[in-house]
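Read the structure below first, then the notes.
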There are 2 protein chains.
Amino acid sequence: MSLSSRFAVGIHILTLLEINKNGVNSSEFIASSVNTNPVVIRKIMGLLKNAGLVKVRPGVAGAVPAKELSEISLFDVYKAVNIVQDQELFGMHENPNPACPVGRNIQETITPLFSVAQLALEKALGNVTIQDVVLGILEKEQIK
Amino acid sequence: MSLSSRFAVGIHILTLLEINKNGVNSSEFIASSVNTNPVVIRKIMGLLKNAGLVKVRPGVAGAVPAKELSEISLFDVYKAVNIVQDQELFGMHENPNPACPVGRNIQETITPLFSVAQLALEKALGNVTIQDVVLGILEKEQIK
DNA sequence: TAACATGTAACAGACTTTGTTACGGGAGTA
DNA sequence: TACTCCCGTAACAAAGTCTGTTACATGTTA
């Protein structure tokens, strides 16, 4: 089971805005790089826009970053594209039996433990920026 | 989007084995505590068994832990119930365009970054044991 | 006004999870 | 042996999400 690829696509989009900064980054152009439908890109772009990561205007072709890419972390993108809610990375079974000591306490016992793990994940994502991804790609291109 | 509740159920099962260690932990009994179908429990129990965490025998009612609960971490359970594969916590879009510098490099650039985050998550899970969960539940029972 | 891009609703197909029923086969007891 | 209980597993259905598509309204520019 994997989390939605919206996250990876969001990173792809932002990275592409930089690599192709001299071109026009329309949803169609981006879609051809990601290899998907332009509507998929527009939906994700909308999420990035709501999060204040990109600027897009209806009717005007092309999106641009709303911040320095070195100030957009993978965590920002992860939050923006909404693949996981707070405290909800790990699914919980509903309505365990309140007549059982385990059933009536398991949720509040486990929740903070799950939270710690989720926060560790999110912290790791906060340590990397889109700029890092851009540099990684440029390096790989140099080598080739 | 949340990861499968099999993980939470697996923890519930192992915890219950301890709390109800003087009783017979049949799939039906456990199912009533978890509030699900016995078959769901048997399936998850099979995964725990394959991972060497519990002992169960066909035809014989009841499961018992195969190790000390202080030596079973949440990470062990997480691996056992198979909610996430290695390097696959975050979904990736397939077949990005190889004609684009971003498309042809994004996967290998992102994969190690995702890996670091996933490992941080898993490490956090490794720091907690089922015994900790058992103690947490006992504490909550004392207070009430 | 014409041409083009974004924003969004609506829907379909694919996939996974969760819950069920059904049944084969092992284990223990009378 | 016959009976009963339970685990193991296959098969299937319902529900939910993701991903991709079509269609169309709205906004912008020439």
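Just so it is clear: chains get the letters A, B, ... in the order the sequence lines come, proteins before strands, and each one is counted from 1.
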Heavy-atom donor-acceptor pair, [X] side chain to [Y] backbone, under 3.5 Å:
{"X": "A:N105", "Y": "A:P101", "result": "yes"}
{"X": "B:K49", "Y": "B:V56", "result": "yes"}
{"X": "B:R104", "Y": "B:N97", "result": "no"}
{"X": "B:D76", "Y": "B:S73", "result": "yes"}
{"X": "A:Q107", "Y": "A:H93", "result": "yes"}
{"X": "B:S2", "Y": "A:E88", "result": "yes"}

- Earlier contact from the 5' end, DNA chain C, for B:G59 and A:R57: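 The residue mapped nearer the 5' terminus is A:R57.
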- Item | Residue whose nearest DNA chain C nucleotide is more 5′ - A:S27 or A:M1 |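 Residue closer to the 5' terminus by nearest nucleotide: A:S27.
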- Walk along DNA chain D from 5' to 3' and tell me the first and last nucleotide with an atom closer than 4.0 Å to a non-hydrogen atom of chain A.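 That gives a stretch of D:dC18 to D:dT29.
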- Using a 4.0 Å heavy-atom cut-off across all strands, classify B:V39 as base, sugar-phosphate, or nothing.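 Base, at least one base heavy atom under 4.0 Å.
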- Name the nucleic acid region contacted by A:G91, choosing base, sugar-phosphate or nothing; use a 4.0 angstrom heavy-atom cut-off, strictly under.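 Touches nothing.
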- First of A:P58 and A:S5 reached from the 5' end of DNA chain D, by closest nucleotide: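 On the 5' side of the pair lies A:S5.
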- Query: Looking at CG of B:L48 and NZ of B:K43, how far apart are the two atoms once the value is rounded to the nearest 0.5 Å?
  - Reply: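 So the CG of B:L48 and the NZ of B:K43 are separated by 14.5 Å.
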- Provide the start and end nucleotides, 5' to 3', of the part of DNA chain C that has atoms under 4.0 Å from heavy atoms of chain A.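 For DNA chain C, the relevant span reads C:dA5 to C:dT17.
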- Task: List in chain and number order the residues that pass ring-ring contact (aromatic ring centres under 6.0 Å, His included) with B:F75, two or more places apart in sequence or in another chain; answer none if no residue qualifies.
- Result: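 With neighbours one apart ignored, the set is B:Y78.
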